[in-house]
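To start, the structure under review is shown below, and the notes come after it.
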Amino acid sequence: MTRITVLVENTASKPGLLAEHGLAFWVEHAGHRILFDTGQSHALMHNARQLGIPLETADAVVLSHGHYDHSGGLAALFKKKSPLPLFLHPAALVPRYSRPSEGSPREIGMPAPAVEAIRENTENVWTESPTEIFPGVHVSGSIPRRTAFEDTGGPFFLDDAGQEPDLLPDDQALYLETRLGIVVVLGCAHAGVVNTVDYVRALTGARPIHTLIGGMHLVSASEERMDQTVQALRHYRIERLMPAHCTGFPATARLWHEFPGVCVPCTVGAVVEIEE
């Protein structure tokens, strides 16, 4: 059985759990335990204790990309268990900024303690291309950008002056092979959720997608982008959709309306199981 527990997300629906702007999933598959992303703060450790998730037993950690809300809990994790196989793209470590059209630039890259923990870790695996973590468990590496309607989802830059756009080449997804189909786990899908699913399908021989879970960064998506995203998702015939985090409320509401009976809540403490 494949089992995914939501450890960090923007919303929490059970007593004693913390919500924060961030994401982390505890993935159990074929006898292996993988932590996918780490949230932005102490919520990871708190929620893991509350839910009885033994983070110290993790066999590997995957970082979807180098933003603070996905990597901020990493330093505390390494204090609990180190060294640890950590799968990430080299570009995840670069400084990054968000610069809205009105307002000051904001640093949104990986926090310094997380960067230091990574540099001291002796088991880093750099994932510029598709990489097997365990049999049936892979990380995509950099995702080709092929659609005309998807972008990174925000005003992201590599400098605080907002002159050098950040294309987020480090954005990657985790995908699991199950008897019922492929399970795709997203961080923010800055490469585009359709680009991501298309790439995973190409890597897996067009096997059906059973579950798509995580952030889809549709929070500021245009109506055209939403229309084409819905059309693509309908074509995939996905069994279970779990939009979270940066998907945004309007886009999440649209997905729930378009796919009745398919969308499932993705709040802290939620558990999804795929029978083998």
Side-chain angles (χ1 to χ4, degrees), residues 22-25 27 36-38 62-71 87-98 108-110 125-133 137-158 164-176 182-204 206-207 209 211-222 224-233 235-236 238 241-248 251-252 255 266:
L23 199 67
F25 296 118
V27 179
F36 181 83
D37 284 347
T38 66
V62 175
L63 282 186
S64 64
H65 63 297
H67 280 163
Y68 73 98
D69 49 331
H70 296 258
S71 60
F87 294 78
L88 74 165
H89 190 285
L93 298 172
V94 303
R96 328 190 97 123
Y97 302 87
S98 174
I108 59 172
M110 192 180 296
V125 180
W126 306 106
T127 55
E128 296 178 84
S129 58
T131 303
E132 182 181 72
I133 301 176
V137 181
H138 299 78
V139 65
S140 68
S142 293
I143 296 165
R145 318 293 172 92
R146 291 175 175 160
T147 60
F149 60 91
E150 293 182 300
D151 55 30
T152 58
F156 302 124
F157 297 92
L158 295 173
E164 188 176 358
D166 183 4
L167 301 181
L168 285 132
D170 50 319
D171 180 78
Q172 59 184 1
L174 181 74
Y175 60 97
L176 317 169
I182 304 299
V183 176
V184 181
V185 186
L186 308 168
C188 272
H190 286 294
V193 62
V194 176
N195 280 329
T196 301
V197 174
D198 280 347
Y199 189 48
V200 170
R201 281 171 51 81
L203 293 172
T204 59
R207 286 197 62 197
I209 305 298
T211 297
L212 180 62
I213 177 173
M216 303 181 188
H217 223 292
L218 297 169
V219 63
S220 57
S222 66
E224 177 191 1
R225 179 172 179 174
M226 283 304 307
D227 289 345
Q228 296 201 53
T229 298
V230 167
Q231 182 179 356
L233 293 177
H235 170 74
Y236 300 138
I238 297 171
L241 277 173
M242 298 181 70
H245 181 45
C246 56
T247 306
T252 299
L255 293 175
C266 194

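Reckoned from all heavy atoms, side chains included, excluding hydrogens, waters and symmetry mates.
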Considering only heavy atoms from C-beta outward, does the side chain of [X] approach that of [Y] to under 4.5 Å?
{"X": "Arg225", "Y": "Asp151", "result": "yes"}
{"X": "Tyr199", "Y": "Pro130", "result": "yes"}
{"X": "Phe25", "Y": "Cys266", "result": "yes"}
{"X": "Ile133", "Y": "Leu174", "result": "yes"}
{"X": "Val27", "Y": "Val137", "result": "no"}
{"X": "Leu212", "Y": "Val193", "result": "yes"}

Next item on the list: Check step by step if side chain to side chain contact (heavy atoms under 4.5 Å, CB included) holds for His235 and Leu233.
Entry: CA-CA 5 Å; His235 170 74; Leu233 293 177; over 6 Å; no

How close do [X] and [Y] get, counting heavy atoms only, and between which atoms?
{"X": "Phe156", "Y": "Ser98", "value": "CD2-CB, 4.5 Å"}
{"X": "Ala191", "Y": "Thr196", "value": "CB-OG1, 4.3 Å"}
{"X": "Ala92", "Y": "Met110", "value": "O-CE, 3.4 Å"}
{"X": "Ser64", "Y": "Gly187", "value": "OG-CA, 3.4 Å"}
{"X": "Ser142", "Y": "Pro144", "value": "O-CD, 3.8 Å"}
{"X": "Ala251", "Y": "Thr247", "value": "CB-O, 3.3 Å"}

Using 0.5 Å steps for rounding, measure from the [atom1] atom of [X] to the [atom2] atom of [Y].
{"X": "Thr252", "Y": "Leu218", "atom1": "OG1", "atom2": "CG", "value": "8.0 Å"}
{"X": "Ile209", "Y": "Asp198", "atom1": "CD1", "atom2": "CG", "value": "9.5 Å"}
{"X": "Cys246", "Y": "Leu186", "atom1": "SG", "atom2": "CG", "value": "8.5 Å"}
{"X": "Thr152", "Y": "Leu167", "atom1": "OG1", "atom2": "CG", "value": "7.0 Å"}
{"X": "Cys188", "Y": "Leu168", "atom1": "SG", "atom2": "CG", "value": "8.5 Å"}
{"X": "Thr229", "Y": "Leu255", "atom1": "OG1", "atom2": "CG", "value": "8.0 Å"}

Note to self: Assess the residue pair Asp37 and Leu63 against the criterion (side chain to side chain contact (heavy atoms under 4.5 Å, CB included)); give the C-alpha distance rounded to whole Å, side-chain angles, the decisive distance to 0.1 Å, and a yes or no.
What the structure shows: CA-CA 5 Å; Asp37 284 347; Leu63 282 186; 3.9 Å; yes

Check: Is there a side-chain hydrogen bond (donor to acceptor under 3.5 Å, both in side chains) between His190 and Asp166 once you walk through the steps?
Finding: CA-CA 10 Å; His190 286 294; Asp166 183 4; over 6 Å; no

Distance-only, no hydrogens or angles: does the [X] side chain make a donor-acceptor pair with backbone N or O of [Y] under 3.5 Å?
{"X": "Glu150", "Y": "Arg145", "value": "no"}
{"X": "Ser129", "Y": "Gly141", "value": "no"}
{"X": "Ser140", "Y": "Gln172", "value": "no"}
{"X": "Asp170", "Y": "His89", "value": "no"}

Notebook entry, point to check: Should the pair His70 and His65 be assigned to parallel (<30°), tilted (30 to 60°) or perpendicular (>60°) ring geometry?
Noted result: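 Correct class here is tilted.
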
Check: For His138, what residues pass the ring-ring contact (aromatic ring centres under 6.0 Å, His included) criterion, not counting sequence neighbours?
Finding: Tyr175

Margin query: With a sphere of 6.0 Å drawn around CD of Glu132, does it hold more than 12 non-hydrogen atoms of other residues, nucleotides or ligands?
Written below: yes

